[in-house]
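Scroll down for the structure; my scribbles are underneath it.
Whatever order the structure lists them in is the order used to number ligands and atoms, beginning at 1. Keep in mind the model is a prediction, meaning the values are calculated, not measured. By convention here, the first residue in the shown sequence is residue 1. Heavy atoms only: backbone and side chains are in, while hydrogens, waters and symmetry mates are out.
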Amino acid sequence: MLLNPEHFENIPPVAEILYQHGDIQARVRELGEAISDQYRSQGELLLVCILKGGVLFLTDLMREISIPHVIGFMAVSSYGSGVRASSGDVRIDMDLDINIRDKHVLIVEDIIDSGHTLTYILNQLETRQPASLNICCLLSKPARREVEIPIKFLGFEIEDKFVFGYGLDLDEKFRNLPFIAVFDLDNDH
Ligand code: IMP
Ligand code: MG
């Protein structure tokens, strides 16, 4: 894989790299080990990836999980929101095609900002009576939190900045970048 940021075209000039691909890989490896240890002696593990942002994280994470597991996908969107955080008005665009009852469910998400999106997903999935329900999130911005979210496995805690790359989008683009960049809103004139 080409890791040179110059390989990728038209990245905004006000962007800076926050985590290189190697930093992410090292952390994902640790998370994979911790998840394997946690679920080894339990029942079947089901990773529920939240589309679209969680997809790069999921595909790397599952290769670092050494125990057998199943994957599923769910897509949600939030409405009535500003550019940066959701308002809590969340809708399921695509639901899981698996019955999660009595399964050990681990939600795989890209980032937690206000916490509204994951609160909605947690409430929805809880009604389906999984054996356990936890969150694995790559990034968290605690300064932005409006509702408390219990995160079982966390990649990195970050400051209140808008980030993109490695699954996260900037106007739906740049999810393909192998690194995570910060978009400097203050200098985007
Ligand atoms: P929350 O409901 O406010 O926690 O927002 C979570 C969702 O907002 C994430 O799943 C992302 O899709 C999006 N989001 C929040 N912060 C960022 C960011 O810095 N970059 C890209 N997407 C973000
Ligand atoms: Mg998301």
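- K103 places a side-chain N or O within donor-acceptor distance of the main-chain N or O of N99, the cut-off being under 3.5 Å.
- Remark: side-chain polar atoms of S36 are paired, donor with acceptor, to backbone N or O of S66 under 3.5 angstrom.
- Ligand 1 lies out of reach of F164, whose nearest heavy atom is not under 4.0 Å from it.
- Under a 4.0 angstrom heavy-atom cut-off, R145 registers as lying outside contact with ligand 1.
- Counting the atoms of ligand 1 from 1 in the order shown, those under 4.0 Å from a heavy atom of E109 are 10 (O).
- Some N or O of G115 is nearer than 3.5 Å to an N or O of ligand 1, by distance alone.
- Within the listing of ligand 1, atoms 19 (O) sit less than 4.0 angstrom from a heavy atom of K161.
- Polar contact with ligand 1: absent for D169 (N/O pair, distance under 3.5 Å).
- Note on E157 versus K141: no salt bridge recorded, every NZ/NE/NH1/NH2 to OD/OE distance being 4.0 Å or above.
- Short contacts between ligand 1 and K141, defined as distances under 4.0 Å to a heavy atom of the residue, involve ligand atoms 16 (N), 17 (C), 18 (C), 19 (O).
- By the 4.0 Å heavy-atom criterion, R144 is excluded from the residues contacting ligand 1.
- Remark: side-chain polar atoms of H104 are not paired, donor with acceptor, to backbone N or O of A131 under 3.5 angstrom.
- Near L168, meaning under 4.0 Å from one of its heavy atoms, ligand 1 places the atoms 20 (N), 21 (C), 22 (N).
- Counting only N and O atoms by type, the side chains of S140 and R145 include a donor and acceptor under 3.5 Å apart.
- When non-hydrogen atoms are compared, ligand 1 lies under 4.0 Å from neither the backbone nor the side chain of V90.
- A donor-acceptor pair is defined here as one N or O able to donate and one able to accept, closer than 3.5 Å; such a pair exists between the side chain of R27 and the backbone of G155.
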Please determine whether ring pair (Phe, Tyr, Trp, His ring centres under 6.0 Å) holds for the pair Y19 and F156, giving the CA-CA distance in whole Å, both sets of side-chain angles, and the decisive distance to 0.1 Å.
CA-CA 10 Å; Y19 295 111; F156 305 101; 3.9 Å; yes

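- The nearest non-hydrogen atom to atom 6 (C) of ligand 1, considering only D160, L51, L118, T117, comes from T117.
- Checked against a 3.5 angstrom limit, the closest N/O atoms of V163 and ligand 1 fall inside it.
- A distance-only check finds no donor-acceptor pair linking the side chain of E64 to the backbone of D60 [under 3.5 Å].
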